[in-house]
Amino acid sequence: MVESIETEPVPLDVASIRKDFPILTNREGLVFLDSAASSQKPTQVLDAMRHYYEFDHANVHRAAYDLAEAATNALEGARRTVARFIGADDQSEVVFTKNATESINLVARSWGAANLGPGDAVVLTHLEHHADIVPWQQLAEERGFEIRWIPLTADTQLDLTDLDRTLDGAKLVGLTAMSNVTGTFTPVQRIVDAAHGAGAVVLLDACQYVPHAATDVGALGVDFAAFSAHKMCGPTGIGVLWGRRDLLDSMPPFLGGGGMILDVRTDGFVPAELPAKFEAGTPPIAEAVGLAAAIEYLEDIGLDRIRAHEARLTAYALRSLTERFGDEITIHGPSEPDQRGGVMSFAYRDIHPHDLSQVLNSHRVCIRPGHHCAKPLMRCLGVGATSRASWYIYNDTEDIDALADAIGESGDFFTI
Ligand SMILES: Cc1ncc(COP(=O)(O)O)c(C=O)c1O
């Protein structure tokens with residue numbers, strides 16, 4: 001997981017990175033601080049998708065003409081790129097889905113339905129996004145297993161005091177690698193070791209992690225990992241489920257239809273091998289090409305440099321917002337910058353997050369108000385909603401300053 005950076009990587013050239021993102025030029029003065037919801041897209045990704053449609057598009061697999069082979073090669077090449085990027089040994093362990101939400105539902109509906117029943121337990125944390133809560137609740141209603149929760153400390157780190165008891169008899173742990181609300185990093189390896197010791201598999205929600213730091217699913221020892229392309233400079237409409245081959249092999253198909261079978265007869269069907277077994281229907285081909293281009297783009301910059309850049313911005317934001325607003329601002333989450341990623345939820349005076357973000361919008365500062373699909377975490381924080389700013393490779397300290405200025409002006413606005 002994220003480790004302290006001993007030799008500082010070369011800082012990002014943010015001015016030059018910004019030129020890769022047409023939207024930052026097309027919408028002059030935009031201060032985009034909502035990448036945790038979805039990142040912007042560089043020309044390299046847009047060009048790769050356009051090139052695919054202009055030169056290589058046909059439907060994939062089972063065709064005898066060159067164009068369809070080119071499209072198949074594009075899809076399977078993208079799968080190899082994803083596998084390499086996350087340290088997977090075997091590209092057939094990479095399943096393309098619609099998004100991380102579908103990836104987690106796939107595990108719940110396939111692995112969960114085959115393995116969970118009365119007397120079993122699934123363990124989740126209070127940091128989870130609804131995408132890693134609701135599928136388990138839906139299944140628990142049908143299958144009658146228990147859901148247990150890992151609680152939080154006051155600064156939103158996982159409280160592992162009772163971990164062994166919580167894991168006793170558990171069959172699956174659903175764990176986010178980083179909170180999309182507070183930015184808290186979780187101790188993935190420690191939980192993986194404890195979960196495996198208890199006989200449980202671990203599903204890592206890596207949505208907020210893979211875009212921001214080097215990720216190696218083998219080294220982490222997780223059993224499943226889910227993430228979405230649109231948060232890492234890639235297109236919407238494609239997500240990834242990575243799973244250990246033996247687990248995926250043992251699981252029944254999730255969706256049925258074309259592409260996921262070896263044979264179909266009137267009395268039944270035989271599922272295809274991995275990964276086709278889990279990819280019913282026409283896959284997101286252009287989106288896979290875009291995801292591969294996004295990965296190459298991020299790799300060219302360097303994941304260690306990206307993490308160091310975000311850590312610098314996080315430290316700057318914590319310091320500058322606290323110095324400027326003192327007791328008037330409450331920043332949720334860990335106070336140490338190295339314990340959190342580039343996401344910051346805060347409350348300013350008693351201004352409602354929706355009001356605050358509307359005033360910020362009038363200064364072209366885009367942040368996100370609301371519960372961020374993490375209502376159990378909102379209850380732990382004792383709030384109904386937060387204001388959330390999040391940064392990425394195209395943000396710099398000027399954006400944090402613009403945020404601070406706009407927050408200051410909103411204070412004036414609401415005082416009048
Ligand atoms: C931690 C986390 N998990 C899951 C999701 C769901 O991602 P998607 O909407 O792309 O399926 C998100 C999206 O915000 C997230 O931040």
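As the structure lists them, so they are numbered: ligands from 1, and atoms in each ligand from 1.
- Counting atoms of ligand 1 from 1 in the listed order, those under 4.0 Å from a heavy atom of Gln208 are 1 (C), 15 (C), 16 (O).
- In terms of protein heavy-atom proximity, atom 14 (O) of ligand 1 is nearest to Lys231 NZ, 2.5 Å.
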Using distance only, find each side-chain donor-acceptor pair of residues 357-364 under 3.5 Å and give its atom names and separation, not counting sequence neighbours.
unit_1: Ser357; atom_1: OG; unit_2: His354; atom_2: O; d: 3.4
unit_1: Ser362; atom_1: OG; unit_2: Val359; atom_2: O; d: 2.5
unit_1: Arg364; atom_1: NH1; unit_2: Glu28; atom_2: O; d: 2.2

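- Of the residues Asp249, Asp223, Asp89, the one that meets the side chain to side chain donor-acceptor pair (under 3.5 Å) test with Arg244 is Asp223.
- Between Glu287 and Lys98, no side-chain nitrogen of the basic residue sits less than 4.0 Å from a carboxylate oxygen of the acidic one, so the salt-bridge criterion is not met.
- In the vicinity of Asn180, heavy-atom distances shorter than 4.0 Å reach the ligand 1 atoms 16 (O).
- A salt bridge does not link Arg143 with Asp120: every distance from a Lys NZ or Arg NE/NH1/NH2 to an Asp or Glu carboxylate oxygen is 4.0 Å or more.
- Remark: minimum distance from atom 1 (C) of ligand 1 to any protein heavy atom is reached at Asp205 OD2, 3.5 Å.
- Side chain of Arg388 to backbone of His372: no donor-acceptor contact under 3.5 angstrom is found.
- For ligand 1, the atoms closer than 4.0 angstrom to any heavy atom of Ser228 are 7 (O), 8 (P), 10 (O), 11 (O).
- The shortest N or O to N or O distance between His230 and ligand 1 is below 3.5 Å.
- The pair Glu310-Arg307 does not meet the salt-bridge criterion, since no charged nitrogen lies less than 4.0 angstrom from a carboxylate oxygen.
- Nearest non-hydrogen protein atom to atom 15 (C) of ligand 1 is His129 CD2, 3.3 Å.
- Atom 11 (O) of ligand 1 has Thr101 OG1, 2.6 Å as its closest protein atom, hydrogens excluded (heavy atom only).
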